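Everything numeric here is computed off the predicted structure, so don't read it as measured data. The sequence lines fix the lettering, A, B, ..., with proteins before strands; numbering per chain opens at 1.
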Amino acid sequence: MFALADVNSFYASCESVFRPDLQGRPVVVLSNNDGCVIARNAEAKLLNIPMGAPYFKIRAQFERDKVAVFSSNYALYADMSTRVMTILEAMAPAVEIYSIDEAFLNLQGVSNCQDLEAFGHEVRAKVRQWTGLTVGVGIGPTKTLAKLANYAAKKWSQTGGVVDLSLMARQRKLMTLVDVAEVWGVGRRIAKKLNNLGINKALQLADAPTALIRKHFSVVLERTARELRGEPCLEMEEFAPTKQQIICSRSFGDRVSQYELMREAICSHAVRAAEKLRAEHQYCRYVSAFVKTSPFAENESYYGNTAGTKIQIPTQDSRDIVAAATTCLDAIWQDGHRFQKCGVMLGDFYSQGVAQLGLFDDYPPRPGSERLMAVLDTINHSGKGQVWFAGQGTQKSWEMKRQMLSPAYTTRFSDLLRVKL
DNA sequence: TCTGGGGTCCTAGGACCC
DNA sequence: TCTGGGGTCCTAGGACCC
């Protein structure tokens, strides 16, 4: 048996927890660069503020409706996430952290000691008491059914935020009510295709013949259908598998037309990517860079391009990765565009930095590379100062906008919440 | 003026091997 | 007139997730 616990309106709730004065007011959180709405609390949802709405288009309405608006504060959300996950891990035999705000719980054996619905309520109470955040809990014999139960727990308030789908009759009853588009693994495209086949409700997908599903879709949807029938196809993945790729990219605060600024940005993303790579204890052999103009800009022709390069020896050295990324940039740079975004991607990972050299290769590994990088990371994590590459620049005029950023309440001493008595 | 960032998995098709 | 069978690896593109 699985449970899915996820935090209601996670980002918006994190902001609200530290701002009791906002109680009852609509709260939204914007994407990076203050681009569009990515989280809304219940009050904001009541105002029909759509997910993904561009901020600049909806700003006037926000002012009229006294909506509290925040830039994304990932330092805060990541820390609050850790707190929630720690609580969940203490309550369940096994936990799979699925995203920043949700986790699957393996409930094997729990029903021997406790009613599962009561367990769900206990999880809610504890998370609320210890973090101020509210979770919804869905329970079912497969992950997909647990997800569906969670959806129901959030959609219908009379459930009290917990839905247990242990019983087949309850599963089927819920599935007659829920659109197939709400099922986990069914996105916009597949939903439309299913509708064309006359499959509109979740139950119809559950009952559809396997052959029909396989004829029109891939094995992925077949698994989804089986899971809806109560046949587990997906297991708990308690230990995060090693990453296959690392991407670091950002939109620019203002459009970039100057090569030097683009180079700084690419260089900075490459450095960040290399740090992530070392945190994964991996070495990479493929580096690529991309640039693009805004797809929304009218009267401007779109230009986007990407270039990749193979590195002879797997590396985790920032110097190699910066060099490779800037080489890629030079291959795709074009003057005369107003660029909106760029990024760096790493791939082809190895767990150690040794590879068989060709007979005539002369690319000896950099001596002392590991130790140098370790020193770099230690300094940059110490909180006492930063060292960086000259190529990253000092002004960073291209950096993203975060004009409504809240304090790092939980991760920076100077930002600690003050309570006046 | 202004529209996020970071991932995974699957499939089809081409290149290439014997 | 007739031109095999079986396989791997890689990449691009499409779908999905949060």
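Here dC16(C) presents its C1' atom at 12 Å from NZ of Lys147(A), a figure rounded to the nearest Å. Taking atom CE on Met400(A) and atom C1' on dT1(B), their separation rounds to 19 Å, with Å as the unit. In this structure, CG of Asn299(A) is placed 12 Å from P of dC2(B), rounded to the nearest angstrom. Across the protein-nucleic acid pair, Phe217(A) atom CZ and dG14(C) atom C1' stand 14 Å apart, rounded to whole Å. Atom NE2 of His269(A) and atom P of dG5(B) are 8 Å apart (whole Å). In this structure, the CD atom of Glu298(A) is 12 Å from the P atom of dT3(B), given to the nearest Å. Atom NZ in Lys192(A) sits about 17 Å away from atom C1' in dC16(C), given to the nearest Å.
Of the charged side-chain nitrogens involved, none lies within less than 4.0 Å of a carboxylate oxygen, so that Asp34(A) and Arg59(A) do not count as a salt-bridged pair. A salt bridge links Lys201(A) to Asp179(A): at least one charged side-chain nitrogen sits closer than 4.0 Å to a carboxylate oxygen. One finds no salt bridge joining Lys276(A) and Glu280(A) here, because no Lys/Arg side-chain nitrogen approaches an Asp/Glu carboxylate oxygen to under 4.0 Å.
The phosphate of dG5(B) (OP1 or OP2) has a side-chain N or O of Ser251(A) nearer than 4.0 angstrom. For Arg59(A), no side-chain nitrogen or oxygen approaches OP1 or OP2 of dT1(B) to under 4.0 Å. Taking only side-chain nitrogens and oxygens, Arg188(A) never comes nearer than 4.0 Å to OP1 or OP2 of dG14(C). Here Gln340(A) does not reach the OP1 or OP2 of dC2(B): none of its side-chain N or O atoms lies under 4.0 Å away.
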Using a cut-off of under 3.5 Å, enumerate the N/O to N/O pairs linking the protein to nucleotides 6-9 of chain B.
unit_1: dG6(B); atom_1: OP1; unit_2: Arg250(A); atom_2: NH1; d: 3.2
unit_1: dG6(B); atom_1: OP2; unit_2: Ser249(A); atom_2: N; d: 2.6
unit_1: dG6(B); atom_1: OP2; unit_2: Ser249(A); atom_2: O; d: 2.9
unit_1: dG6(B); atom_1: OP2; unit_2: Ser249(A); atom_2: OG; d: 2.7
unit_1: dG7(B); atom_1: OP2; unit_2: Ile247(A); atom_2: N; d: 2.6
unit_1: dT8(B); atom_1: OP1; unit_2: Gln244(A); atom_2: N; d: 3.2

| query | Given pairs defined as Watson-Crick or G-U wobble with both distances under 3.5 Å, what dot-bracket annotation applies to DNA chain B, with ( ) intrastrand, [ ] crossing, | other strand and . unpaired? | reply | ....||||||||||||||
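Nucleic acid contact for Asn33(A): none, since no nucleic acid atom lies under 4.0 Å from a heavy atom of the residue. If you check every strand for non-hydrogen atoms under 4.0 Å, Asp101(A) touches sugar and phosphate atoms only. Within 4.0 Å (heavy atoms only), Tyr55(A) reaches no atom of the nucleic acid at all. Across all strands, Lys193(A) comes closer than 4.0 Å to no nucleic acid atom at all (heavy-atom distances). Residue Ile190(A) is classed as a sugar-phosphate contact, given heavy-atom separations below 4.0 Å to backbone atoms only. If you check every strand for non-hydrogen atoms under 4.0 Å, Arg402(A) touches nothing.
Donor-acceptor pairing under 3.5 Å is recorded for the side chains of Tyr77(A) and Glu15(A). Ser166(A) and Asp164(A) share a side-chain donor-acceptor pair at under 3.5 Å. Remark: the Arg226(A) side chain and the Thr142(A) side chain contain no N/O donor-acceptor pair separated by less than 3.5 Å.
No option in Val123(A), Val110(A), Leu105(A) other than Val123(A) meets the side-chain contact (heavy atoms from CB on, under 4.5 Å) test with Met91(A).
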| task | Kindly indicate, with the supporting measurements, whether the criterion side-chain contact (heavy atoms from CB on, under 4.5 Å) is fulfilled by Leu277(A) and Ile321(A). | result | CA-CA 10 Å; Leu277(A) 184 67; Ile321(A) 291 169; 3.9 Å; yes
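The nearest heavy atom of DNA chain B to Arg214(A) and to Asn32(A) marks one nucleotide each, and the one closer to the 5' end goes with Asn32(A).
Under the 30°/60° scheme for interplanar angles, the aromatic rings of Tyr409(A) and Phe18(A) are found to lie parallel.
Inter-residue side-chain proximity for Arg250(A) and Arg272(A) is flagged as met; some heavy-atom pair is nearer than 4.5 Å.
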